[in-house]
**Q** 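Here you go, one structure.
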Amino acid sequence: LFLLRGRRAVTYARMGLLTAPQIASVVSSLAASKAIWVRPGETEEVFRALSAPMLAMPRSVFKPKVAAVVASAYAKARVFDEGVFRRVSECVRWRQHKPRDFSVQVIGILLFAFSRVEVEDKLLLDFLSGVIQELDPADFTPQAVSVVVSVYAGAHKRRPLLEGG
């Protein structure tokens with residue numbers, strides 16, 4: 001069912017009929033489904049097919065939460081698409097976003113997603129470091145602190161993004 005929904009989303013996305021939040025919802029649902037284990041090749045095809053429409057969208061449609069959901073879904077499905085992760089980074093770092101656009105949860109999801117696919121994006125890490133410093137320390141749960149410390153301490157092996165990171 002999720003794979004069918006994903007294929008239908010590819011068709012609609014190619015026609016320009018899906019928004020960034022809708023694509024984020026589709027990839028998130030697909031990543032959470034059993035399809036990534038039962039039919040990994042077909043699932044990866046859907047993820048890769050949805051990359052092009054996302055990359056064609058303007059940065060303004062990717063709010064930090066939407067970008068975090070996309071990165072998390074691709075990481076969870078173990079689909080490393082450099083273009084998608086580069087685009088997520090660009091969208092998150094876009095100067096139109098205000099610190100209030102970020103929550104501790106969104107930052108944690110972004111950091112965990114990039115570490116899960118073993119990507120080090122220095123520009124993103126530096127940007128999020130500044131956002132983290134502006135947040136209220138009381139907002140950080142022990143789990144959020146653990147993710148932040150783990151990623152910034154370099155507990156995960158990483159590969160750099162080739163361009164822009």
**Q** What's the verdict on side-chain contact (heavy atoms from CB on, under 4.5 Å) for Trp37 and Thr43, showing C-alpha distance, side-chain angles and the deciding distance?
**A** CA-CA 9 Å; Trp37 306 111; Thr43 305; over 6 Å; no
**Q** Verify the distance criterion only: is there a donor paired with an acceptor across the side chains of Thr19 and Gln22 at less than 3.5 Å?
**A**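 Checked: Thr19/Gln22 side chains pair up, N/O donor to acceptor below 3.5 Å.
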**Q** Is any side-chain heavy atom of Val26 less than 4.5 Å from a side-chain heavy atom of Leu50?
**A** yes
**Q** As an exercise, state the distance from CZ of Arg116 to CZ of Phe80, rounded to the nearest 0.5 Å.
**A**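 It is 15.0 Å, given to the nearest 0.5 Å.
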**Q** Between Arg93 (side chain only) and Ser89 (backbone N and O only), is there a donor and an acceptor less than 3.5 Å apart?
**A**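 Checked: pair present.
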**Q** What distance separates Ile107 CD1 from Ser129 OG, expressed to the nearest 0.5 Å?
**A** 10.0 Å
**Q** Please determine whether the number of non-hydrogen atoms from other residues, nucleotides or ligands lying under 6.0 Å from atom CD of Gln105 exceeds 12.
**A** no
**Q** Counting the benzene-type ring for Trp, do Phe102 and Phe127 have ring centres under 6.0 Å apart?
**A** yes
**Q** Could you tell me whether a side-chain N or O of Ser146 sits under 3.5 Å from a main-chain N or O of Pro142, the two making a donor and an acceptor?
**A**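 Not confirmed, Ser146 side chain does not pair with Pro142 backbone.
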**Q** Taking Ser115 for its side chain and Glu118 for its backbone only, find out whether a donor-acceptor pair lies under 3.5 Å.
**A** no
**Q** Apply the test side-chain contact (heavy atoms from CB on, under 4.5 Å) to residues Asp136 and Val104: give CA-CA distance (whole Å), side-chain angles for both, the deciding distance (0.1 Å), then the verdict.
**A** CA-CA 9 Å; Asp136 184 349; Val104 172; over 6 Å; no
**Q** In Å and rounded to the nearest 0.5 Å, what is the CG to NZ distance from Asp101 to Lys98?
**A**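 It comes to 7.0 Å.
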**Q** Applying side chain to side chain donor-acceptor pair (under 3.5 Å), which residue pairs with at least one partner in residues 48-74 are found, sequence neighbours left out?
**A** Glu44-Arg48, Ser51-Tyr74, Ser51-Asp81
**Q** Nearest 0.5 angstrom please: Arg7 CZ to Leu30 CG, how far?
**A** 9.5 Å
**Q** Is there a donor-acceptor pair under 3.5 Å between the side chain of Asp121 and the backbone N or O of Leu124?
**A** yes
**Q** Quick one: do Phe140 and Leu135 satisfy side-chain contact (heavy atoms from CB on, under 4.5 Å)? Show the steps, please.
**A** CA-CA 9 Å; Phe140 285 85; Leu135 295 175; 4.0 Å; yes
**Q** OG of Ser150 to CG of Leu111: how many Å apart, nearest 0.5 Å?
**A** 9.5 Å
**Q** What distance do Leu55 atom CG and Arg86 atom CZ have between them, rounded to the nearest 0.5 Å?
**A**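 The CZ atom of Arg86 is 8.5 Å from CG of Leu55, to the nearest 0.5 Å.
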**Q** Taking side-chain hydrogen bond (donor to acceptor under 3.5 Å, both in side chains) as the definition, give me every residue that meets it alongside Arg39, ordered by chain and number, with sequence neighbours left out.
**A**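 Partners of Arg39 under the side-chain hydrogen bond (donor to acceptor under 3.5 Å, both in side chains) test: Glu42.
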